[in-house]
Amino acid sequence: MSTPPRPAAPTMVNGFDPQRISALSAKTRDAIQRRNQVLGPVYRLFYDDPVEVLRGSGTYLYDSDGNQYLDAYNNVPCIGHSHPAVADAVARQLHTVNTNTRYLQPSVTAYAEDLLSTFPAALSNIVFTCSGSEANDLALRVAKYVTGNRGIIVTANAYHGVTETVAAISPSLGTHSPLDIHVRVVEPLDCDRADRGGHLRDQIRSATEDLHRHGVGLAAFIADSIFSSDGVISDPPGFLAPAIEEVHRAGGLYIADEVQPGFGRTGQAWWGFQRHGIEPDIATIGKPMGNGMPIAAAIFRPDLLVEFGQNIRYFNTFGGNTVCIAAAQAVLDTIRSDGLIERAARVGAHLKAGVLAASSENRIVGDVRGCGLFLGVDVIDPADGTPDPAQAAAVVNELRRRRVLISASGPRGNVLKIRPPLAFDEPDADRFLTEFAAALVAAQ
């Protein structure tokens, strides 16, 4: 089984290069220098000219000069920046009580019941955490406990979080962040293969056989069902079915990481795995769940938690705290009341059609993939069709100059990632498409 080499360092084509600081305005230089003094080198900034954010509203961000930026990147405020429903719910709950889940609190139970109603009936137990990283960490812990195995299979440029355990299953963090010895990496899904599901199944089988050769059984295969870090791979719906069959055949569990494709972003279902007609053993969610408040969760088949719950002491002080639950309930209510899943389908189709039209007139764009409000656009060298991360960075930064915010991803950093809040509507899409077409021309 061969896999492409991992990047020596994390690929962040849209990241700010500190060597460029002299080219920035005095105001921005001072802000960066003050920030670096206290935050240090761990924190990174986006764009050649970093964006100052003073406030947000809906699909827009604003700097201290009043400049408006169209946010076509942030999935965390999924119902829109500073949404009043969330702000009001959080304020009310803060004025009432905020405590942990060791007490009987009707709002926590009611939210759990409501959220679980969006999942298949077999996934009926939820454990709240504060972040998607914690949720994935717990999912792996349960999978290893239940199966008695240690082996984990991930895709070649996957990202699943920042705790030590999940960083060790996140190849996208680069070779300086080593993978666990029991992790096996499968090749990125080949977008040109007709039998994409069969290709993934065969890769999982080879990885499982390699684990067995080293005396290790399979605990779990974990995948983000839109493969956002692998370059956004969504079609055809159903291609994950052979994968889950192979995982179960090998005695492992299937973990669906829904942090990025979840909460209706695909426009076709609440959860990305549902587009593929599969039922994972565990699903993990985070980031958009509380519209920016720190809440996440792992959802399990209840049989997986029986012995684990009896024998392992697990507690998360702030996971599912009452204030974050209030925010999460407001998000769920708004997605339904505002028809945001249907909007994601409608606006996403309009956005994709416009991106395809603009791309057809520009030779630096290759494939356009995705569904709903999650698109991946390949930027290529027109001479030979190879990935061109430098040109992708040029497009990202030209859009930033035009006050439209996106990012880039993929194993080579050449895939434009367009992933706006679910509040994105047709006028937002039209503005984006106007600036996108202009940016493609200017970036060359």
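Reckoned from all heavy atoms, side chains included, excluding hydrogens, waters and symmetry mates.
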task: Would you kindly say whether Thr59 and Asp71 are connected by a side-chain donor-acceptor distance under 3.5 Å?
output: no
query: Any side-chain heavy atom of Asn157 within less than 4.5 Å of one from Phe227?
result: no
task: Please report the closest heavy-atom contact between Thr284 and Asp257, naming both atoms and the distance.
output: OG1-CA, 3.3 Å
task: Give a yes or no answer on whether the side chain of Arg369 reaches the backbone of Gly231 with a donor-acceptor pair at less than 3.5 Å.
output: yes
message: Are the side chains of Arg265 and Gln260 in contact, using a 4.5 Å heavy-atom criterion?
response: no
- request: Look only at the side chain of Lys352 and the backbone of Gly370, and say whether a donor-acceptor pair between them is shorter than 3.5 Å.
  value: yes
message: Please verify the inter-ring angle class for Phe432 with Phe436; under 30° counts as parallel, over 60° as perpendicular, anything in between as tilted.
response: parallel
- line: Output for pair (Leu61 CG, Tyr69 OH), nearest 0.5 Å, gives 9.5 Å
- request: Mark yes when over 12 heavy atoms from residues, nucleotides or ligands other than Leu104 sit less than 6.0 Å from its CG; otherwise mark no.
  value: no
task: Compare every heavy atom of Gly376 with every heavy atom of Val415, then report the nearest pair and how far apart it is.
output: CG1-CA, 3.8 Å
- prompt: Yes or no on side-chain contact (heavy atoms from CB on, under 4.5 Å) for Met289 and Val331, after CA distance, side-chain angles and deciding distance?
  reply: CA-CA 7 Å; Met289 188 175 175; Val331 169; over 6 Å; no
task: Take Leu218 and Ile153 through the side-chain contact (heavy atoms from CB on, under 4.5 Å) test and state the conclusion after the steps.
output: CA-CA 8 Å; Leu218 178 63; Ile153 300 175; 3.7 Å; yes
message: Strictly distance-based, threshold 3.5 Å: is any side-chain N or O of Thr266 a donor or acceptor partner for the main-chain N or O of Gly272?
response: no
query: Any idea which heavy atoms bring His276 and Gly238 closest together, and the distance?
result: ND1-N, 2.9 Å
- prompt: Does any N or O in the side chain of His83 come within less than 3.5 Å of the main-chain N or O of Ala85, such that one atom is a donor and the other an acceptor?
  reply: yes
query: Checking side chain to side chain contact (heavy atoms under 4.5 Å, CB included) against Leu375, which of Leu356, Ile406, Val355, Val232 comes through?
result: Val355
Ile295 and Ile325, any side-chain heavy atoms less than 4.5 Å apart: yes
message: Quick check for you: to the nearest 0.5 Å, what is the distance between Phe318 atom CZ and Asn316 atom CG?
response: 9.0 Å
Aromatic contact, Tyr60 with His81 (centres under 6.0 Å): no
query: Do Thr155 and Asp230 have side-chain atoms, one donor and one acceptor, less than 3.5 Å apart?
result: yes
- prompt: Atom SG in Cys78, atom CG in Leu373: separation rounded to 0.5 Å?
  reply: 11.0 Å
Salt-bridge present (Asp49, Arg400; N to O < 4.0 Å): yes
- prompt: Does Ile285 reach the side chain of Ile299, with side-chain heavy atoms less than 4.5 Å apart?
  reply: yes
query: If we only count heavy atoms from C-beta on, is the Asn291 to Val76 side-chain gap below 4.5 Å?
result: no
- prompt: Just by distance, do the side chain of Asp180 and the backbone of His182 share a donor-acceptor pair under 3.5 Å?
  reply: yes
message: Once rounded to the nearest 0.5 Å, what's the spacing between atom CZ of Arg403 and atom CG of Leu70?
response: 12.5 Å
task: Tell me yes or no: between the side chains of Asn100 and Asn321, is some donor less than 3.5 Å from an acceptor?
output: no
query: What are the two closest non-hydrogen atoms of Ala345 and Gly267, and how far apart are they?
result: CB-O, 3.3 Å
field: Over 12 non-hydrogen atoms of neighbours within 6.0 angstrom of CZ in Arg301
entry: yes
query: Does one side chain, of Glu258 or Ser225, offer a donor that lies under 3.5 Å from an acceptor on the other?
result: yes
task: For a side chain to side chain contact (heavy atoms under 4.5 Å, CB included) with Phe221, tell me which candidate from Ile255, Ile204, Ile244 qualifies.
output: Ile204
- prompt: Which of these, Phe46, Phe424, Tyr47, sits in a ring-ring contact (aromatic ring centres under 6.0 Å, His included) with Tyr73?
  reply: Phe46
statement: Note: Ser124 and Leu116 closest approach over all heavy atoms is O-CD1, 3.4 Å
field: Ser172 backbone acceptor or donor facing Ser170 side chain under 3.5 Å
entry: no
statement: Here the gap from Gln203 atom CD to Leu200 atom CG, rounded to the nearest 0.5 Å, amounts to 7.5 Å
message: I'd like to check Ser407 versus Val396 (side-chain heavy atoms, cut-off strictly below 4.5 Å). Are they in contact?
response: no
task: Look up atom CG in Leu140 and atom OG1 in Thr165, then write down how far apart they are to the nearest 0.5 Å.
output: 7.0 Å
task: Might you work through the side-chain contact (heavy atoms from CB on, under 4.5 Å) test for Thr118 and Leu115, ending with a clear yes or no?
output: CA-CA 6 Å; Thr118 67; Leu115 181 65; 4.2 Å; yes
query: Under the 3.5 angstrom rule, does the side chain of Asn397 hit a backbone N or O of Asp48 as a donor-acceptor pair?
result: yes
Check: His160/Asp137 side-chain N/O donor and acceptor closer than 3.5 Å: no
message: Side chains of Val247 and Leu253, heavy atoms from C-beta outward: is any pair under 4.5 Å?
response: no
query: Judged by atom type as modelled, is there a donor-acceptor pair below 3.5 Å linking the side chain of Arg102 to the main-chain atoms of Thr99?
result: no
task: Evaluate the criterion side-chain hydrogen bond (donor to acceptor under 3.5 Å, both in side chains) for residue pair Asn414 and Gln391; output intermediate values, then yes/no.
output: CA-CA 8 Å; Asn414 71 303; Gln391 195 77 282; over 6 Å; no
Ser82 (side chain) donor-acceptor with Gly56 (main chain) under 3.5 angstrom: yes
query: Charged N to carboxylate O below 4.0 Å: is that the case for Asp210 and Arg213?
result: yes
- prompt: Considering residues, nucleotides and ligands other than Tyr103, do more than 12 of their heavy atoms fall under 6.0 Å from its OH?
  reply: no
message: Walk me through whether Arg205 and Glu246 qualify under salt bridge (Lys or Arg N to Asp or Glu O under 4.0 Å).
response: CA-CA 7 Å; Arg205 183 170 297 172; Glu246 184 62 28; 2.7 Å; yes
message: Using ring centroids (six-membered ring only for Trp), state whether Trp270 and Phe119 fall under 6.0 Å.
response: no
query: Under 3.5 Å, is there a donor-acceptor pair linking the side chains of Ser228 and Asp224?
result: yes
Short side-chain donor-acceptor distance under 3.5 Å, Asn98 and Gln93: no
- request: Could you give me the CA-CA distance, side-chain angles and deciding distance for Leu399 and Leu405, then say whether side-chain contact (heavy atoms from CB on, under 4.5 Å) is met?
  value: CA-CA 6 Å; Leu399 279 169; Leu405 307 179; over 6 Å; no
- line: Residues Gly161 and Ser133: closest non-hydrogen pair is CA-OG, 3.1 Å
task: For residues Val127 and Leu138, determine if any side-chain heavy atom of one lies less than 4.5 Å from a side-chain heavy atom of the other.
output: yes
query: Between Asp303 (side chain) and Leu305 (backbone), is there a donor-acceptor pair under 3.5 Å?
result: no
task: Before accepting this row, confirm whether a basic side-chain N of the pair Asp425/Arg346 lies closer than 4.0 Å to the acidic partner's carboxylate O.
output: yes
